Asks: 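Encoded as structure tokens, here's the structure I'll be asking about.
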Amino acid sequence: ISADELPSFQAKVGLILLHHLNNEDLHSMNFVILNLVASKEGLSNELDSATNIEIAKLAAMAAQKAKAMSAFGSTVKYAGIGMKHLPASKWEEHYKLTLDLYCAAAVAEGILANFDSMQSLCDQVFAKGRTILDKMPVYYAKARSKGRLGQFAEAIKLCLDAIDQLKAAKIRKNVVLQTTGMMA
């Protein structure tokens, strides 16, 4: 196999493994499979949407596995692979998967002190996240990064903002419950 053909060959091997391994083997070999699939640039454009989502789900598992091992560079790498395989309508059609990938990458980027990348990912979650609880991991990542930069007042302000939003969400929930109870 020539050097030019190697990425395509590796991607094909990765796709064969993706489609033919059972869940247990997929989980144990997810790093290998994703590295093979990611070897061909632009592969997501050649695949059907179901296969792209399968790859994104496998990447989310790999990112969480890497994070658990404190391999934050790998967390970013695998979350990035997953994000590349999501459709343009990712936040509407695959909300939880998209949220998991973006949060994992944002937290890891913050730990790695890649603050610009972290901020970009956080902005996406702040804009598209549905609830304050969905946004909590990026609030944490941002507050932690502010602390690491010695911006303690900003970190505290960010935490207080999150607490205020949590309180407001709880109050709204209580009002809805009370109103629903009064109507019954």
Side-chain angles (χ1 to χ4, degrees), residues 27 30-31 34-35 38 44 52-184:
H27 182 71
N30 56 7
F31 296 149
L34 289 167
N35 289 336
S44 63
N52 276 319
I53 294 304
E54 266 187 273
I55 292 169
K57 287 178 180 177
L58 189 64
M61 287 186 339
Q64 291 304 322
K65 189 174 170 182
K67 181 180 168 189
M69 296 186 297
S70 298
F72 300 110
S74 294
T75 303
V76 170
K77 174 184 174 180
Y78 295 119
I81 291 170
M83 287 186 266
K84 285 180 185 175
H85 287 272
L86 291 170
S89 57
K90 58 190 165 268
W91 287 101
E92 296 78 24
E93 293 180 25
H94 303 282
Y95 178 78
K96 178 76 169 103
L97 176 59
T98 303
L99 180 70
D100 290 347
L101 288 166
Y102 274 76
C103 287
V107 169
E109 290 284 25
I111 291 169
L112 294 170
N114 297 328
F115 299 123
D116 290 339
S117 298
M118 181 208 66
Q119 183 62 50
S120 175
L121 293 160
C122 288
D123 289 345
Q124 283 284 313
V125 175
F126 287 138
K128 302 289 186 171
R130 293 178 183 161
T131 69
I132 182 63
L133 292 177
D134 290 347
K135 298 174 187 179
M136 271 303 155
V138 294
Y139 267 107
Y140 172 74
K142 248 186 115 165
R144 184 177 175 153
S145 70
K146 296 285 184 195
R148 287 180 71 189
L149 293 170
Q151 300 169 348
F152 303 115
E154 289 181 42
I156 291 169
K157 183 181 179 304
L158 192 63
C159 292
L160 291 173
D161 180 46
I163 290 168
D164 286 345
Q165 288 189 45
L166 281 169
K167 286 180 188 175
K170 184 176 179 172
I171 290 168
R172 279 192 298 274
K173 181 180 176 184
N174 287 339
V175 167
V176 168
L177 288 175
Q178 289 173 358
T179 306
T180 306
M182 291 170 50
M183 298 171 119

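Keep in mind that the numbers below use all heavy atoms, side chains included, and drop hydrogens, waters and symmetry copies. Bear in mind that the values here come from a model prediction, so they are computed numbers and not experimental data.
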Asks: Kindly state each residue pair satisfying side chain to side chain donor-acceptor pair (under 3.5 Å) with at least one member in residues 69-80, sequence neighbours excluded.
Replies: Asn35-Lys77, Asn35-Tyr78
Asks: Roughly how far, to the nearest 0.5 Å, is CG of Leu34 from CE of Met61?
Replies: 8.5 Å
Asks: Provide the closest heavy-atom pair for Val138 versus Cys103 in the form atom of the first, atom of the second, distance.
Replies: CG1-SG, 4.2 Å
Asks: Partners of Ile53 by side-chain contact (heavy atoms from CB on, under 4.5 Å), sequence neighbours excluded?
Replies: Lys57, Leu86, Pro87, His94, Leu97
Asks: Could you list the residues that satisfy side-chain contact (heavy atoms from CB on, under 4.5 Å) with Tyr95, not counting sequence neighbours?
Replies: Trp91, Leu99, Arg130, Asp134
Asks: Hey, what do you get for CD (Gln151) to NZ (Lys146), rounding to the nearest 0.5 Å?
Replies: 4.5 Å
Asks: With a 4.5 Å heavy-atom cut-off, do Lys167 and Ile163 have their side chains touching?
Replies: yes
Asks: Glu93: which residues meet the salt bridge (charged side-chain N to carboxylate O under 4.0 Å, His left out) condition with it, sequence neighbours left out?
Replies: none
Asks: Please check if atom CZ in Phe115 has more than 12 non-hydrogen atoms from other residues, nucleotides or ligands closer than 6.0 Å.
Replies: yes
Asks: Is it true that a side-chain atom of Ser145 and a backbone atom of Lys142 form a donor plus acceptor pair closer than 3.5 Å?
Replies: yes
Asks: Would you say Lys128 and Tyr102 make side-chain contact, with heavy atoms under 4.5 Å?
Replies: no
Asks: Please name all residues satisfying side-chain contact (heavy atoms from CB on, under 4.5 Å) with Ala38, sequence neighbours left out, ordered by chain then number.
Replies: Ile81
Asks: What distance separates Asp161 CG from Ile132 CD1, expressed to the nearest 0.5 Å?
Replies: 7.0 Å
Asks: Would you say the side-chain atoms of Lys65 pair up with the backbone N or O of His27, donor to acceptor, closer than 3.5 Å?
Replies: yes
Asks: Report the residues that fulfil side-chain contact (heavy atoms from CB on, under 4.5 Å) with Ala79, sequence neighbours left out, ordered by chain and then residue number.
Replies: Ala63, Met83, Leu101, Ala105
Asks: Heavy atoms only: give me the nearest Met118-Ala141 pair and the separation to one decimal.
Replies: SD-O, 3.6 Å
Asks: Is there a donor-acceptor pair closer than 3.5 Å between any side-chain N or O of Thr98 and the backbone N or O of Lys90?
Replies: yes
Asks: Quick one: do Asp100 and Lys96 make a salt bridge, cutoff under 4.0 Å?
Replies: yes
Asks: Once you round to the nearest 0.5 Å, how far does NZ of Lys67 lie from CZ of Phe72?
Replies: 7.5 Å
Asks: Are any side-chain N or O atoms of Arg144 and backbone N or O atoms of Val107, one a donor and one an acceptor, separated by less than 3.5 Å?
Replies: no
